[in-house]
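FYI, side chains are in, hydrogens and waters are out, and symmetry mates aren't considered; it's all heavy atoms of this structure. A, B, ... follow the sequence lines: proteins, then strands. Residue 1 opens every chain. Please read all numbers here as calculations on a predicted model, not as lab measurements.
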Amino acid sequence: MRHEFKKIEPKWQKKWAEQEIFKAVDGGEKPKFYGLVEFPYPSGAGMHVGHIKAYSSIEVVARKRRMEGYNVLFPIGFDAFGLPTENYAIKTSTHPRIITDKNIRKFSEQLKSVGFSFDWSRVIDTTDADYYKWTQWIFLKMFEHGLVFRDKTLVNYCPSCKVVLSNEDSQGGKCDICHSDVIQKSKDVWYLRITEYADKLLEGLEKVDYPANVKQQQVNWIGKSTGAFVNFSVEGIEDQLRIYTTRPDTLFGVTFMVIAPEHPLIDKYKDRIANYDALCAYRAECAKKTEFERTQLVKDKTGVCIDGLTAINPVNGKQIPIYIADYVMMGYGTGAIMAVPAHDQRDYDFAKKFGIDIIQVIQGGDISKEAYAGDGEMINSDFLNGYTNKKDSIHRMLEEIEKKGIGEAGVQYKMKDWAFNRQRYWGEPIPIVHCPVCGDVAVPYEELPLRLPDVEDFQPGEDGESPLARIESYVNCKCPKCGHDAKRETDTMPQWAGSSWYFLRYIDPHNDDELAAMDKLNYWMPVDWYNGGMEHVTRHMIYSRFWHRFLYDIGVVNTKEPYAKRSIQGLILGPDGDKMSKSKGNVVDPLDIVKEYGADALRTYVLFMGDYGAAAPWNDSSVKGCKRFLERVAGLTDLVTDGAVDPDMEVKFHKAIKKVSSDIEATKFNTAIACLMTLINDIYAAGKLSREDLVIFIKLLCPFAPHLCEEIWESIGGEGFLSLAKWPEYDEAKTVEAKLEIGVQVNGKLKTTIVIPNGCSKEDALATAKADAKIAALMEGKNVVKEIYVPNKIVNLVIK
RNA sequence: GCCACUGUGGCGGAAUUGGCAGACGCACUUGACUCAAAAUCAAGCGGGUAACACCGUGCCGGUUCGAGUCCGGCCAGUGGCACCA
């Protein structure tokens with residue numbers, strides 16, 4: 001048979017669609033498998049080869065599971081709210097709804113042309129009011145449970161996109177969307193109290209099957225530290241200066257304190273501060289710096305001493321000066337620190353610059369040169385002197401602190417609360433009404449969805465106001481509580497909202513009464529296997545785990561964690577080895593590949609190109625290699641002959657079933673395909689194969705190249721769809737050859753190989769080895785000191 | 001600076017976890033077929049040698065009968081976090 005991919009690929013795609021063979025059924029006797037891939041953002045550029053690689057892994061697993069007799073849910077949808085579409089809408093004066101619909105159509109066609117076995121009856125679109133109704137519903141539930149709050153604070157603001165960004169969206173001080181510098185701006189911000197879930201998010205990681213580096217990154221992101229809050233009294237004022245430290249046991253080494261430039265203490269006591277103007281000038285200077293500049297680790301510390309406020313060290317009564325400096329951040333801890341220059345490099349640099357005393361309290365290092373952060377005996381520390389164990393000295397100091405009532409043990413997280421509003425049009429409207437009498441009032445649940453009104457102009461306001469703010473009919477409303485004239489919140493939710501729960505909606509996508517029915521959730525959840533990119537490990541995954549855990553806590557879902565298992569795909573780089581980008585002109589369009597080599601070749605190649613988790617450059621010639629392989633597969637039909645079973649070939653097939661099966665589970669798709677290539681080489685070398693063996697071969701290949709395998713199945717009179725046929729099984733006893741070739745070493749160096757029967761005794765193996773002419777020559781006139789035989793693996797003779 | 005990972009032919013990458021390094025694919029070379037080219041088929045393909053020997057998994061050392069794999073110390077690179085108190 002010839003491999004006419006242009007003819008057979010559309011043919012089978014049509015048949016699968018018509019007979020809906022990938023449609024998931026809720027419930028039943030079969031075991032369930034819920035495979036999930038990160039749904040695409042339907043950009044105008046269309047599908048990227050990266051999408052193909054990302055989806056092909058779970059595609060292969062889902063197809064294998066179906067053949068193994070599972071009831072499989074493998075859905076797809078579109079994460080369609082967001083800035084790129086809105087920016088395109090502004091540029092082209094086209095409504096984002098029109099653009100989104102067009103892009104979704106294009107994406108769907110493209111996905112279908114690759115033959116992915118998605119259940120197309122469950123497609124969701126986050127911009128569909130029937131969908132975002134439930135996004136809003138979850139938000140209101142969080143509001144109801146005190147997880148939503150509003151604050152006027154300094155936020156990350158992108159002056160180019162005119163939008164407030166979360167920390168996650170402004171990593172490195174650059175806007176995640178347009179990459180311009182993010183500035184700090186005082187704004188009214190809606191927050192989700194994700195920090196309240198920090199411990200639950202950490203705890204949840206213990207039971208899930210994520211790659212170790214993924215877990216590690218999430219742990220780092222949450223950034224839990226344990227330490228103590230200590231209150232320092234300040235001479236002449238009522239308020240205490242509260243600090244957070246991880247080393248309360250170094251309290252005797254405190255020689256100054258530092259507060260963040262934005263610390264409220266300064267304005268509160270400006271009358272007592274002699275150099276208030278200088279402090280304000282310094283503060284203005286800091287505000288000009290971008291977050292990025294400010295967080296650069298610099299030796300050259302800046303700051304100003306507060307003239308008029310002096311703190312008292314609560315353990316020894318010493319007077320200590322207070323500085324403001326921008327190396328202390330308002331956003332972490334209490335925005336104030338006790339500085340121990342002897343044992344913290346930042347404090348050390350600051351003390352050196354400002355000529356402040358450095359008191360060593362931990363023995364070790366050379367503090368004339370740098371701070372000592374290691375362990376050692378406590379010195380100059382009164383009752384702590386002589387302690388050598390960090391844990392013990394911290395414990396002892398905490399006792400003292402609590403006894404004196406000057407503080408308490410506490411924890412801190414690097415993770416901050418989630419800034420949740422955006423001053424943009426193309427997002428879920430935040431269902432809150434501002435009433436002059438009642439304050440912030442939730443839109444009643446029965447009024448959901450709160451629909452996004454149509455507007456003509458999507459341009460954000462100059463002062464960073466949402467385009468919705470200009471629509472009076474939308475803004476002006478009555479308070480749902482008291483009926484007073486009120487105004488709607490006009491900001492929308494961030495891009496991450498819709499993707500924080502989408503996997504739940506696939507389970508029950510058309511339910512008008514609930515986000516998903518509990519019996520269906522009970523059946524399908526958790527997601528058994530979720531594949532995606534490393535870039536979503538700290539944002540989307542943390543957010544969705546947070547939402548899911550909240551929904552669990554209020555009894556809406558049945559599992560604490562949404563994803564039982566996570567895998568990560570590596571990037572596909574351009575043929576030049578650089579990251580693919582339009583500007584570099586090294587982008588590969590998957591549709592071009594489908595046209596030239598076929599969907600099966602494309603699918604096979606993206607999984608064959610290398611270690612699935614690692615980045616690898618695209619190589620057109622290698623795609624050709626995969627196409628060549630598929631042509632040889634098609635040619636197998638011409639080799640089918642009746643006849644006796646070839647025992648060598650039988651072992652090869654059983655080994656292949658075993659390897660392909662286990663490699664798929666281990667995301668080692670490259671070696672699974674290589675194994676089939678080796679097998680086909682062996683078949684061609686033999687020049688024939690049985691019909692039964694051909695069936696095994698196409699079953700093993702079917703998850704990778706389903707169109708061709710279906711076509712072969714049909715051509716040899718197979719019944720029904722191969723995609724639903726039974727996955728082959730192997731017999732462990734038949735995976736081992738009767739005779740094995742093993743290496744023979746002399747003094748640890750390989751000299752030759754011998755053939756021995758499988759499971760042969762040490763004596764026989766050694767005798768065979770010694771009988772070998774080459775080995776015999778090497779042993780001539782030498783004594784054998786040691787004889788090693790590792791069964792079925794190696795013989796090593798140590799001679800002198 | 002901190003955390004995690006990686007380093008193997010001309011290239012992408014294998015190596016049952018301590019047991020024949022380089023599977024499989026690409027590229028390349030030679031031959032067959034062809035008027036010719038492409039495609040296909042056959043053979044070869046780490047270095048070295050006429051052939052052996054021998055040398056080879058970033059570098060230095062160690063453990064072991066045996067190390068790509070384990071240990072110690074470097075070097076280089078990737079990803080993430082980052083004045084986090």
Quick test: give all pairs of protein nitrogen or oxygen and nucleotides 60-68 of chain B nitrogen or oxygen below 3.5 Å, distance rounded to 0.1 Å.
| unit_1 | atom_1 | unit_2 | atom_2 | d |
| --- | --- | --- | --- | --- |
| B:C65 | OP1 | A:K786 | NZ | 3.4 |
| B:C65 | O2' | A:N796 | ND2 | 3.2 |
| B:C65 | O2 | A:N796 | ND2 | 2.4 |

Same-atom distance (P) from B:A32 to B:A21, integer angstrom: 36 Å
Between B:A27 and B:C11, how far apart are the C1' atoms? Round to whole Å, please. 7 Å
Tabulated below should be each protein N or O lying under 3.5 Å from an N or O of nucleotides 15-17 of chain B; please produce it.
| unit_1 | atom_1 | unit_2 | atom_2 | d |
| --- | --- | --- | --- | --- |
| B:A15 | OP1 | A:K668 | NZ | 3.2 |

Checking base pairs now: Watson-Crick or wobble, both atom distances under 3.5 Å. What partners B:U64?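 Check on B:U64: unpaired, no WC or wobble geometry under 3.5 Å.
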Contact under 4.0 Å: [X] side-chain N or O vs [N] OP1/OP2:
| X | N | value |
| --- | --- | --- |
| A:R628 | B:A39 | no |
| A:R346 | B:G1 | no |
| A:Y332 | B:A85 | yes |

Under a 4.0 Å N-O cut-off, is there an ion pair linking A:E206 with A:K215?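 Answer for the salt bridge query: no.
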Suppose we call two aromatic rings close when their centres sit under 6.0 Å apart. Are A:F629 and A:F608 close by that rule?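 Ring centres of A:F608 and A:F629 not closer than 6.0 Å.
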May I have the distance from A:H3 (atom NE2) to B:A39 (atom P), rounded to whole angstrom? 18 Å
For A:D417 and B:C84, give me the distance from atom CG to atom P, rounded to whole Å. 20 Å
